[in-house]
Amino acid sequence: MFPSIYSPEDVEEEIFRFWHDNSIYEKVKKKGDRDFFFVDGPPYTTGEIHLGTAWNKVLKDVVLRYKRMCGFRVRDTPGWDMHGLPIEVKVEKELGFKTKREIESYGVDKFVKKCMEFALKNKEKMTEQFVKLAVWMDWNNPYMTIKADYINAAWWTVKRAHERGLLEKKLRVVNWCPRCETALAEAEVEYREKEDPSIYVKFPLKDENSYIVIWTTTPWTLPANMAVAVHPDYTYVKAKVKKDGEVEEIIVAKDLLEKVAEKGKLKILEVVKEFKGREIEGLEYEHPLKEEVPLQNRKHFVCLANFVELENTGCVHIAPGHGVDDFYLGQEYGLEVFNPVNDSGVYTEEAGKYAGMNVRDANSLIIEDLKKKGLLLCEEKIVHRYGHCWRCKSPIIYRATEQWFITISKVKEKMVEEIDKVWWIPEWAGMSRFKDWVSNARDWCISRQRYWGIPIPVWICEKCGRIKVVGSIDELGIEVREDLDVHRPRVDEITFECECGGVMKRVPDVFDVWFDSGVASWATLKYPRVKDEFEKLWPADFITEGHDQTRGWFYSQLGASIIAFDRAPYKTVLMHGFALDKHGRKMSKSLGNIVKPEEVVKKVGIDAFRIYVLSSAPWEDLKFSMEEAEMYKKYLNIVWNAVRFAYMYMTLDKEDFIKCSDISFKIEDKWILSRLENFCKVARDALETYNVHKTVKAFIDFFVEDFSRWYVQLIRSRVWEEKASPSKMAAYATILKVIDKSIRAISPYIPIISEWIYQNFVKEFSEVREKLYGESVKESVFMESYPEIEEEMIDAELEEAMRIAMEVFEAASNARQKAKRKLRWPLKLLVVEGDEKVKKAVEMLEEILKTQCNVKEIKYVEKFEKKLKAQVNYREAGPLLKEKIKDFANFVSEMSEKEIEKAVKTGEIDFNGEKLPSNLLNVIYELPEGYTDAEFSSGRVYLYTEMDEDLWRECLAREIVRRVQEMRKMLDLNVEEFIDVAMSCKEDIVKGWVDYIAREVRARNLEFEHEFEEEEDWFVKEWDIEGEKIKIGIRRCS
RNA sequence: GGGCCCGUGGCUCAGCCUGGUUAGAGCGCUCGCCUGAUAAGCGAGAGGUCCGGGGUUCAAACCCCCGCGGGCCCA
């Protein structure tokens, strides 16, 4: 059965059941003789997929389905990123915790267990959502970052880093989340707008009443100030200024003096001195808060730094404990890394007066103190982009702490080198964007002071400080099992005896989750515990993720892989865009513009959703629009209807079709078969080059435009033929091949409807398929191979001719519309004007054109005879000819066509011997009586629209036929059923066409001038046919 | 402040690399057609400062420079 209405929901249900009941995926997986190693970028187990994740997986699915059909044995393990802060934060919320201490007292073991449950539960939920998008991956055997084998791989990698001297414990300024009490990687910081104080502070110099002025948005870092930096090459000034009667001297950058004065409401009295920044290196100043922070009673001086910019004051406050640049500058000058702030962002005793205060709360107090001391020049508010913990959204602080680092700086060059060896789609994703990121990358801080993560496998001797890096779980004396739990706090309990006799304890940190996912390409293969798969498959043939992963997974994988193997872990990277709302804004809860994938699927179906998200270039952001998605449902509906049309006739004639031996292809068959090959070619090229979107447009063009809207129209009369004619069989054979092959080519995109059509249409004609094309059907379309291109079927000349014919038809329709001649009405003549190609098209496709345009005759001319008429172009001629204009007008009105033509050709008019430019004429082409014209891209058509009586009778006959057909439908009559027809009009008006009417409507009796009586059992309707009221009655023949 | 990408009818996009007829589609809109795919299908028409400003060129949506707006990433 072929349902008359395309219902995605029903089709989905049927196909999902079919796939499931027959283990199709499992069977498909067994095929293939070459390996294709795909690594899934593991989504974080948040519990719900969004449009972007859905798009991401669909993109992957298309590629994988294609590769499978090309004969690859595809490694399609999905992955899950399950550790880390977001889950900790969620669980903390659930438990109502706010600090790490609450976790500790609750019990780390219980907490970690909750995190694990949470992650596993979410994994299940999300898996279901992906499955519902018809994404075929090995859902029963995913890789998970929490599994022992995975952790084993991560440990092994760290040990590699250690062995190569790339693992270091260093004091560094890191992004620190005071709420989560942990270091954050660059990748875990998100920047957003925040309001902060913006203050200009005077630092007292040794000289009386003189100051160097700095600007900062973080007053809380002032207690840790150790220096002021200026740019060596900028020009600075010492200026005498007056404020509230007081005179003092300040040092700022020369070009910024006026602005600073304005901010501080200072009057500039004079510039005392002008000098380069380098001249004041070492200049000493007093710490502005030395009374409040006693430890600051020490020497402070001016340093030189190139990162200083000509902004604000040109002098930068340096706190090596609270800024990355500051830290490195401090190293250069031997400054102490003073960090009087603890893990939760509270000042320590070292901060003197401020001890015990939260740093953010201290801002206002510090400003107050500065004001009291007369050191505050100006206080404002500023809204700027500031880093926030992307997990808990708290503003981060910069803080110097001891952390474990992978020293990317030592392998950066190699990383950049490896980027060149990868195939990036688009090219700029790797060559410009990723390279830029990698070359600016700093050492990678991989330690986190948290609980739910891969424990860092480093043990340190409490006595001698010796370090032991554990490279595998069996080094702990534990055997790796599927269900082995290698998390905190269990691992913390393990100790080793040191050579010195001391006890080695594990550092309490866990890994940055980016390190987890960084090792995915070998951890998914269980390397290093299992070796053979790794040796066979690695590195990955293909990965694809969104452009945010430039700094994320593309990077963490490359970094980890360089450490482990000195080469890139992937060969091909497709970078895709973001799913935005239809206005191009990010989807976010606060904007309330989130569109859920399941909403879309519910509305348009899985296939339409898939083909929609696949229709635009992957690397462009996708501005999601429901209307667009709905359009694709409409297209699929046309696909459905086209197949159904074919199905209806072909099943009716199935026996004949199976037996048939006599097939004669017609020109339109050859044409659509040529188009088919071209479509398959585009599809294959697009998939090979990962320009996956290009297939979509090509498919719509081919299947909807060419096949459904044109070819099916052309062959209608052929399929209506009663007997199994060779021409009808050719049409069937053509249709079968077109649907079969094109559906296979598009099946990776719209797997469900494709499978349905394969099962219900292609399989229906399996015998013919085998006989004609020598291909036996498979259990599923996905066990077929991807269509090969049959070059010999391509006929470019024919395609060109048909393209012109289609245009001619359009132009003729246009002309009809202008002349108000319905397509149903036959017309006498259509003249087509154009070049050689047009001539050829008309010759080749005359029959098609005649039928489609509904004209009795079609004629090609190189040049259609038109009457030329000229009028005076008064705007041009007036000023030139002045009073002679009247004579000229008379002259023009009497110009012959030949003269006009000559004037146009030569550009000159011979006006009584005078040479005038031809632009004084407006030349008008006048069509001969009875013609209407319309143009197409390479020519013009002239439609003869005059009707004679005979033609008009034919038109009316057709009108009547249509009405009767409509009435038959109202009565729900069977197509084969015979009827009696009676009409109120005279037979005269359709004279000569009575038999035609009777045949068309299957009428036994046809009666004219009938008077309808109430009691008769006629089904009667009164119609207005071209201004004439005609009653028509029909009834079933008894 | 830096890097990369995007900016074309009301909407979504093609064209740009490799400059050259009248800038193309689809959706929407208006008008119409078809009626043996029919709770479908098809056509035509209207609608454009090709983000703005410079430059190169005989010629710029396209190449170059400077801006503006949006997105992602960084500082």
Side-chain angles (χ1 to χ4, degrees), chain A residues 2 4-6 186-187 189-191 307 309-311 324-325 385 387 426-437 439-442 546-552 554-555 575-586 612 615-617 619-632 634-635 637-638 640-649 693-694 697 700-701 704-705 708-710 712-713 716-717 719-720 809-818 820-825 852 854 934-935 937-938 958 961-966 968-969 973-976 1000-1002:
Chain A
F2 206 121
S4 59
I5 295 161
Y6 169 53
E186 286 298 330
V189 176
E190 83 180 12
Y191 291 82
F307 59 75
E309 283 177 35
L310 217 44
E311 278 169 1
V324 178
D325 286 335
R385 289 176 69 78
E427 209 202 356
W428 52 261
M431 293 317 165
S432 309
R433 202 186 165 113
F434 191 46
K435 250 188 197 169
D436 177 63
W437 160 261
S439 22
N440 290 319
R442 292 217 170 91
H547 45 205
D548 54 330
Q549 297 303 328
T550 303
R551 69 165 182 175
F554 296 161
Y555 175 72
M575 186 188 79
H576 67 76
F578 254 53
L580 309 172
D581 77 1
K582 66 176 167 196
H583 307 293
R585 288 171 315 193
K586 217 171 148 175
Y612 164 58
S615 66
S616 58
W619 48 87
E620 304 274 337
D621 287 343
L622 176 74
K623 287 190 217 161
F624 182 83
S625 129
M626 192 61 96
E627 294 80 59
E628 291 281 304
E630 277 168 344
M631 198 181 83
Y632 279 95
K634 237 172 160 175
Y635 282 139
N637 189 40
I638 296 177
W640 181 269
N641 277 314
V643 177
R644 191 165 77 93
F645 168 85
Y647 181 89
M648 273 168 49
Y649 291 98
H693 60 298
K694 291 194 175 162
K697 196 180 172 313
I700 302 295
D701 280 352
V704 176
E705 299 290 338
S708 173
R709 287 181 186 161
W710 189 246
V712 168
Q713 300 310 316
R716 284 184 118 108
S717 57
V719 305
W720 295 335
F809 171 65
E810 271 177 34
S813 307
N814 189 347
R816 271 180 183 273
Q817 198 164 320
K818 278 195 229 167
K820 296 200 167 35
R821 295 288 184 275
K822 294 180 178 179
L823 182 56
R824 201 183 310 131
W825 302 349
Q852 293 307 115
N854 195 14
E935 66 175 349
S937 76
S938 49
R958 293 197 181 203
V961 167
R962 212 211 94 205
R963 263 64 170 203
V964 176
Q965 299 288 29
E966 202 161 311
R968 287 183 63 117
K969 217 158 54 195
L973 292 185
N974 196 300
V975 190
E976 328 250 271
E1000 287 294 311
V1001 304
R1002 291 180 95 82

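- Atom NE2 in A:H576 sits roughly 19 Å away from atom P in B:C5 (whole-Å rounding).
- With hydrogens and angles ignored, no donor-acceptor pair closer than 3.5 Å exists between the side chain of A:S4 and the base of B:A37.
- Look at the P atom in both B:C6 and B:A14: the space between them is 10 Å, to the nearest Å.
- Ring centroids of A:F809 and A:W710 are separated by less than 6.0 Å, placing the two rings close together.
- Side-chain proximity of A:V712 to the nucleotides B:A40, B:C33, B:A37 is greatest for B:A37.
- Between A:F434 and A:F554, the ring planes are perpendicular. Angles over 60° get that label, and only those under 30° would be called parallel.
- Heavy atoms of A:S813 sit under 4.0 angstrom from primed sugar atoms or phosphate atoms, though from no base atom.
- Looking at heavy-atom distances under 4.0 Å, A:E630 makes no contact with the nucleic acid at all.
- Minimum atom distance to the side chain of A:F645 is reached by B:A37, of the listed B:A37, B:C27, B:G43.
- In this structure, A:F554 places its CZ atom 22 Å from P of B:G3, rounding to the nearest Å.
- As the counterpart of B:C13, B:G24 is assigned, both hydrogen-bonding distances of the Watson-Crick or G-U wobble pattern falling under 3.5 Å.
- The CH2 atom of A:W710 sits 15 Å away from the C1' atom of B:G41 (whole-angstrom rounding).
- Look at CE on A:M631: it is 11 Å from P on B:C13, rounded to the nearest Å.
- No engagement by A:S615 is indicated, since no non-hydrogen atom pair under 4.0 Å with the nucleic acid exists.
- In this structure, A:F307 reaches neither bases nor backbone, as no heavy-atom distance under 4.0 Å exists between it and the strands shown.
- Picking from B:U35, B:C27, B:C6 the nucleotide with the shortest atom distance to the side chain of A:R824 gives B:U35.
- In this structure, CD of A:E627 is placed 10 Å from P of B:G28, rounded to the nearest angstrom.
- Using a 4.0 Å heavy-atom cutoff across all strands shown, A:E1000 reaches at least one base atom of the nucleic acid.
- Ring-plane geometry between A:F624 and A:Y612 is classed as perpendicular, the angle between the planes exceeding 60 degrees on a 0 to 90 degree scale with a lower cut at 30.
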Open item on the list: A:R968 vs A:R1002, test: side-chain contact (heavy atoms from CB on, under 4.5 Å). Steps then yes/no.
Closed with: CA-CA 10 Å; A:R968 287 183 63 117; A:R1002 291 180 95 82; 3.6 Å; yes
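- A:V719 comes within 4.0 angstrom of no nucleic acid atom, judged by non-hydrogen atoms across all strands.
- Residue A:Y649 has its side chain nearest to B:A37 when only B:C72, B:A37, B:C33 are considered.
- Using the Watson-Crick or G-U wobble rule with both distances under 3.5 Å, B:G45 pairs with B:C29.
- Closest approach to the A:K623 side chain among B:C74, B:C13, B:G41 is made by B:C13 (side chain taken as heavy atoms from C-beta onward).
- Residue A:N637 has its side chain nearest to B:G41 when only B:G26, B:C5, B:G41 are considered.
- A:S616 comes within contact range of no nucleotide atom at all, as no heavy-atom separation falls under 4.0 Å.
- Donor-acceptor pairing under 3.5 Å, judged by distance alone, is present between the side chain of A:R433 and the base of B:C72.
- Of the candidate nucleotides B:A40, B:C4, B:G26, B:C4 has the atom lying nearest to any side-chain atom of A:S432.
- Salt bridge absent: A:K634 and A:E630 never bring a charged side-chain N and a carboxylate O closer than 4.0 Å.
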